[in-house]
Amino acid sequence: MSDHEQQPALDRQPVTAKGADALRAYAARQQSNANELAAFLEDVAANGLPAPETTIPWEVVRDRRLAELASQRGNVA
């Protein structure tokens, strides 16, 4: 039995192999995002905040993300 094929604890419901793979992939993405944020914060701690003229206003980032989410959602009748 490999590391990924452990028996669930007695008080838990098992997940399918596909479900477990999806959870692992999600965990890896979250870990990557956390590592990226931590690296940015370390950089700010070591070097200070970036100059405002070199950054993107949060409103622009927000609007881009909302547009991405809307395009992924598709049309609803």
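These values consider heavy atoms only, across backbone and side chains, with no hydrogens, waters or symmetry-generated copies.
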Point-to-point distance, once rounded to the nearest 0.5 Å, from CG of L41 to CD of E36: 11.0 Å

Check: N33 and Q30 side chains under 4.5 Å, non-hydrogen atoms: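 Yes, their side chains come closer than 4.5 Å.
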
By side chain to side chain donor-acceptor pair (under 3.5 Å) - contacts of R65 (at least two apart):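 Side chain to side chain donor-acceptor pair (under 3.5 Å) check on R65 returns E68.
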
Flag if over 12 foreign heavy atoms under 6.0 Å of CD, E42: no

Note: D21-R24 ion pair, threshold 4.0 Å (strictly below): yes

Under 3.5 Å, side-chain donor or acceptor atoms of residues 43-60 against the rest of the protein: list the pairs with distances, not counting sequence neighbours.
{"from": "D43", "atom 1": "OD1", "to": "N47", "atom 2": "ND2", "distance (Å)": "2.7"}
{"from": "N47", "atom 1": "ND2", "to": "D43", "atom 2": "O", "distance (Å)": "3.3"}
{"from": "T54", "atom 1": "OG1", "to": "A51", "atom 2": "O", "distance (Å)": "2.7"}
{"from": "T55", "atom 1": "OG1", "to": "P52", "atom 2": "O", "distance (Å)": "2.9"}

